[in-house]
**Q** 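Please read through the structure below; I'll follow up with questions.
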Amino acid sequence: MDRPPLTPENFLHPTIEVARWLLGKVLITPIGALSIVETEAYCVDDPACHAFRGKSKANAAMFGPPGTAYVHINYGIHHCLNVVCQPEDVPEAVLIRAVEPCHSQPGAWNGPGKLTKSLGIDKATHNGMTLYDSTGEFWLARGSEISPEAVTQTTRIGITKGAELPWRFYITTSRFVSRR
DNA sequence: GTGATGATAGAG
DNA sequence: TCTATCATCACA
């Protein structure tokens, strides 16, 4: 199975497009290959974005170079995995909300909190790592192309600001999306 | 030091 | 629909 890794310039397109484009791509993890079925975009002008109010220690990774992992904790307990887009100092990212196991794997994959828990991702060890290094434990690879009609675009979930922005994408037929 | 906030999950 | 729960941030 030939899966070339993604490259940093893949994340230099507009964040919304990257969020859409990331569907069907493959996340390689120590416990298997997972295809991405649900994403959300967070942009610099977006009030829901953690970096909207400026740089801080917690969101510093979002200001990093494209293809960096930004892991944040919300509600004190849940880790969320993002892929940083845009050049350095432009805090935009795509939240990976759900993945679908390529093979049958144990664990829950629907929902950003469960996803990172199942993968053993935590902020201390994974925040700021690159996601295009095929020698690492976590990286992104090309997968099947998803046709636009197979994708549903809708509003984001679980936020109180900017909730009307239709910046969430998921594969319509996937059973692993966290919510329709 | 104190209070507010939140990109969730799970229960009712 | 409602809320438990806690890391992090803003402010004093």
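Computed from heavy atoms alone, side chains included, the values below leave out hydrogens, waters and symmetry copies. Note on naming: letters A, B, ... go to the chains in the order of the sequence lines (proteins, then strands), and numbering restarts at 1 for each one.
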**Q** Below 4.0 angstrom from OP1 or OP2 of C:dT8, is there any side-chain N or O of A:Lys123?
**A** yes

**Q** Picking from B:dG6, C:dC6, C:dC9, which would you name as closest to the side chain of A:Ala58?
**A** C:dC9

**Q** Whole angstrom is fine here: how far is it from CD1 in A:Ile159 over to P in B:dA9?
**A** 14 Å

**Q** Is A:Leu95 touching bases, backbone alone, or none of the nucleic acid, heavy atoms closer than 4.0 Å?
**A** base

**Q** Output the single nucleotide from C:dC6, B:dA7, B:dG10 whose closest atom is nearest the side chain of A:Lys114.
**A** B:dG10

**Q** Tell me whether the OP1 or OP2 atom of B:dT8 has a side-chain N or O from A:Arg97 closer than 4.0 Å.
**A** yes

**Q** Checking A:Thr68 side chain against A:Val84 main chain: does a donor-acceptor pair fall under 3.5 Å?
**A** no

**Q** Between B:dA7, C:dA10, B:dT8, which nucleotide gets closest to the side-chain atoms of A:Tyr70?
**A** B:dA7

**Q** Determine the contact category for A:Ser178: base if any of its heavy atoms lies under 4.0 Å from a base atom, sugar-phosphate if only primed atoms, P, OP1 or OP2 are that close, otherwise nothing.
**A** nothing

**Q** First locate atom NE2 of A:His79, then atom CD1 of A:Ile73, and finally report the distance between them rounded to the nearest 0.5 Å.
**A** 4.0 Å

**Q** Donor-acceptor check, side chain of A:Ser174 to backbone of A:Tyr170, threshold 3.5 angstrom: yes or no?
**A** no

**Q** Looking at CG of A:Leu6 and CG of A:Leu131, how far apart are the two atoms once the value is rounded to the nearest 0.5 Å?
**A** 9.0 Å

**Q** Are A:Trp21 and A:Ile146 packed together at the side-chain level, in the sense that at least one heavy-atom pair is separated by less than 4.5 angstrom?
**A** no

**Q** Donor-acceptor pair, A:Thr130 side chain versus A:Tyr132 backbone, under 3.5 Å?
**A** no

**Q** Going by number, which of residues 36-50 of chain A have a non-hydrogen atom under 4.0 Å from DNA chain C?
**A** none

**Q** If you assign A:Gly113 and A:Lys161 each to the DNA chain B nucleotide with the nearest heavy atom, which residue ends up on the more 5' nucleotide?
**A** A:Lys161

**Q** Are A:Trp167 and A:Leu95 close enough that some pair of their side-chain heavy atoms sits under 4.5 Å apart?
**A** no

**Q** Nearest to the A:Tyr75 side chain among C:dC9, B:dA9, C:dT5, which nucleotide is it?
**A** C:dT5

**Q** Which dot-bracket string fits DNA chain C when only Watson-Crick or G-U wobble pairs with both atom distances under 3.5 Å count, crossing pairs get [ ], and | stands for a partner on a different strand?
**A** ||||.||||||.

**Q** What pairs with A:Arg156 under salt bridge (Lys or Arg N to Asp or Glu O under 4.0 Å), at least two apart in sequence or on another chain?
**A** A:Asp46

**Q** Output the distance between atom OH (A:Tyr42) and atom SG (A:Cys85), rounded to the nearest 0.5 Å.
**A** 13.0 Å

**Q** Quick one: which of C:dA7, B:dT8, B:dA7 gets closest to the side chain of A:Ile73?
**A** C:dA7

